[in-house]
There are 2 protein chains.
Amino acid sequence: MRLTPATELEYRCKKLQEHMLSDSLDAVIIVQNADLFYFTGTVQSGNLYVPASGQPLFMVRKEAGRARMESGLKEVIPFSSMKDIPAILAQYGYSAPKRIGLELDVLPVNFYERYRALYPTAAFSDATPLIRMVRMIKSQYEIHLMKDAADQADRVYRRAREVIRVGMTDLDVAAELEYTARKDGHQGLIRMRGFNSDICYGHIFSGTDSAVPAYADTPLGGMGLNPSFGQGAGLKQIEAHEPVIIDFVGCVDGYLSDQTRVFSVGEVSDRMRKAYDDMLEIQTLMMRVAEVGMSWGALYDACSRRAVEMGYADSFMGAKGSQVSFIGHGLGVEIDEYPFIARGFNHMALETGMAFAFEPKVVFPGEGAIGIENTFYMSNEGLKRLTHSSDDLVILS
Amino acid sequence: MRLTPATELEYRCKKLQEHMLSDSLDAVIIVQNADLFYFTGTVQSGNLYVPASGQPLFMVRKEAGRARMESGLKEVIPFSSMKDIPAILAQYGYSAPKRIGLELDVLPVNFYERYRALYPTAAFSDATPLIRMVRMIKSQYEIHLMKDAADQADRVYRRAREVIRVGMTDLDVAAELEYTARKDGHQGLIRMRGFNSDICYGHIFSGTDSAVPAYADTPLGGMGLNPSFGQGAGLKQIEAHEPVIIDFVGCVDGYLSDQTRVFSVGEVSDRMRKAYDDMLEIQTLMMRVAEVGMSWGALYDACSRRAVEMGYADSFMGAKGSQVSFIGHGLGVEIDEYPFIARGFNHMALETGMAFAFEPKVVFPGEGAIGIENTFYMSNEGLKRLTHSSDDLVILS
């Protein structure tokens, strides 16, 4: 178990305060778990008050003792009711904020109303874009954790080579690999920011089931076990000569890796083999062209254009009618962070320190899906790979 | 895999419309996954429009095809943008709603603002209390699913008897039991409504670690693996003569059971044994006094008063300073449904059809926690148990 160093927390807070300055915010109040973990080093039930300048104040309802133990922040205090916040802030010398940023993409309305009641004359705005911009630039400490998560993904990949057999269900494979990850120290829970986003370790499915679209904002969907969670592994049995997709999210000390590999018992069809090689080519293209200063949208366009040239207009990143408009997504503490390698993001550029998963995939309805996914990092020396399992399509006998 | 019968969906919608009438709502727009599953029979990305009378209309962004396949609703249509909602509703003959209910306890502010922009002159209110009141009364179909989830919890319990050994870590036990549940068809994901609520199958921990409080709104917490998810199983090794807590949430076709059992390699201390027997006595007291018409708060008070008489004022439902103010919680599609067997809920009464978990527990800091949990159902013939593993403290050799 690693505790986030105090120097990391100080740097993160300073970066947020820089962004707050350009947005003229007097304060940001952070309450969502992933953001709390990032800015305090612990997930507790509480409010992190970040003033425009000076020390942040972490007010903790439950458990203040653990917050003090786990957080490297200087000011961690217990509190019991939101109504006390103005008095506590005044006591710590903060004047009443007039422009307050909140995480409006995730904060439920009923909570928002309570903040508005506390500061009825203040102007509220969405602080999440600022928070996302801080979080999208990873430190060496964070990259180190993500490398550990990539190593975990590799161990899951190796286990997949051992367990996949004809006649097993997709769920059987998922259970084995989730077990492998859990024993390896995976916390079980994967944080995903988007409202209504459901995720459980990733997506494991074979053949026709991997081509079934789902409600999730992902290129592949899957049947799942039932309509209450209609995505991922279901009860389909694995057959020979069909792709088995292992899209797995590693997690070590709260930090993620995302890797997809394809397995098959016996060779896949020529069409599938060609599609796999083509997706590798798109990955190679991405690695060649991605550079600091290039817009996220331009990187998406370059890769997407190549997929269309290859003949995948109706199958790239989903079956026709269910295609998603991204090929990659940032990750770190959550699986859906900045940058979005997505259509239309032409105003945001790649920067040193960004980490993202890139996942070119094609879907052939009634047949199956295939593709590759790796987690990358824009280092001082250009793009580097964090996930490192062999990119070969794994043919099992 | 079971699909929710159309008759169930019709009945649920009618009940919601009855509650809407007393709140004078013209419409409720449902978007949260658990509520969508309950009222449509599927989880898709979409908006369920429930008018004050007449058929509900399910507008689905992704995946309309699966929604049609999985939902028993008559009107399931594709849509691509929220901006189209007023035109679609007009086309289906619905006049513009003036009083609209939304799920304001879970709906993020940014989504709320979009609805307000669609209907700028409408009055919005929180529909969740109405939705909760519909969902808290279970049908025979739902109880049947929860019985299956209780059977699953029993299989996990039986596996726990086989695997728990001195020297294993709590995580080792969790991995084995989660694997057992997953192979049994557990969907992996457990739905919890509360903002920032994190959960992964339940809580498995031993001795001192089970007495560590956490941010979760639960009587026990646990260290967890790291500060990003500081609850549940960690790396503590199991020792002889200490309680090992297996608090496990079963899940079959989206419906839950909740059961806690205690295991020990060799006898526990006299103090722990007495506390366990006392918690069984509180369970017996609850089963004797719980009846239709009794308020949730009165049931809480009766049981809590007895715990204080027994000498557990500072240890019942958490260690001093970390005690929660409930002993039980409704469950069904989510783990935190009505009823709340909690302090102060004197205006809400037990009704036929309610299902809830009841979990009297005590925590001795630095030593451990102990207690029992079962899932109950208020039938026409009084309170019945759904979970059915033996209540005995399991002493392993």
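As the structure is a prediction and not an experimental result, all values here were calculated from the model.
- Taking all atoms of both residues into account, the shortest heavy-atom contact from B:Glu63 to A:Ala214 is CG-O, 3.3 Å.
- Shown are A:Glu178, A:Glu176, A:Arg182; of these, the side chain to side chain contact (heavy atoms under 4.5 Å, CB included) with B:Tyr179 is made only by A:Glu176.
- Both the backbone and the side chain of A:Asp105 come within contact range of chain B, judged by heavy atoms closer than 4.5 Å.
- The shortest heavy-atom contact between B:Val43 and A:Ser228 is CG2-O, 3.5 Å.
- Heavy-atom pairs under 4.5 Å with chain B peak, among A:Asn33, A:Leu225, A:Thr42, at A:Asn33.
- Side chain of B:Lys62 to backbone of A:Ala216: a donor-acceptor contact under 3.5 angstrom is found.
- Of the listed residues (B:Arg61, B:Met69, B:Gln187), the greatest number of heavy-atom pairs within a distance under 4.5 Å of chain A belongs to B:Gln187.
- Residues B:Val31 and A:Phe195 come closest through the heavy atom pair CG2-CE2, 3.8 Å.
- Here the closest heavy-atom approach between residue B:Cys200 and residue A:Leu189 is recorded as SG-N, 4.4 Å.
- Interface remark: of the candidates A:Phe111, A:Tyr255, A:Phe37, A:Tyr201, A:Phe37 forms the most heavy-atom pairs closer than 4.5 Å to chain B.
- Top candidate by heavy-atom pairs under 4.5 Å with chain A, chosen from B:Gln231, B:Glu113, B:Gln44, is B:Gln44.
- Scanning both residues, A:Asn226 and B:Gly254, for their nearest heavy atoms gives ND2-N, 3.9 Å.
- Looking at A:Asp198 and B:Arg191, a side-chain N of the basic residue comes within less than 4.0 Å of a carboxylate O on the acidic one, giving a salt bridge.
- Within the 4.5 Å cutoff, the side chain of B:Leu102 has no heavy atoms near those of the A:Val109 side chain.
- Rounded to the nearest 0.5 angstrom, B:Glu70 CD and A:Tyr215 OH are separated by 10.0 Å.
- Here the shortest heavy-atom pairing between A:Arg2 and B:Pro227 reads O-CD, 4.0 Å.
- Here A:Ser322 is the residue among A:Gly232, A:Gly188, A:Ser322 with the most heavy-atom pairs under 4.5 Å with chain B.
- With values rounded to the nearest 0.5 angstrom, B:Thr128 atom OG1 is found 7.5 Å from A:Asn110 atom CG.
- Counting only N and O atoms by type, the side chains of A:Gln32 and B:Asn196 include no donor and acceptor under 3.5 Å apart.
- Put simply, the side chain of B:Arg66 never gets that close to the backbone of A:Val212: no donor and acceptor are under 3.5 Å apart.
- For the set A:Thr180, A:Leu171, A:Val333, the entry with the most heavy-atom pairs within less than 4.5 Å of chain B is A:Leu171.
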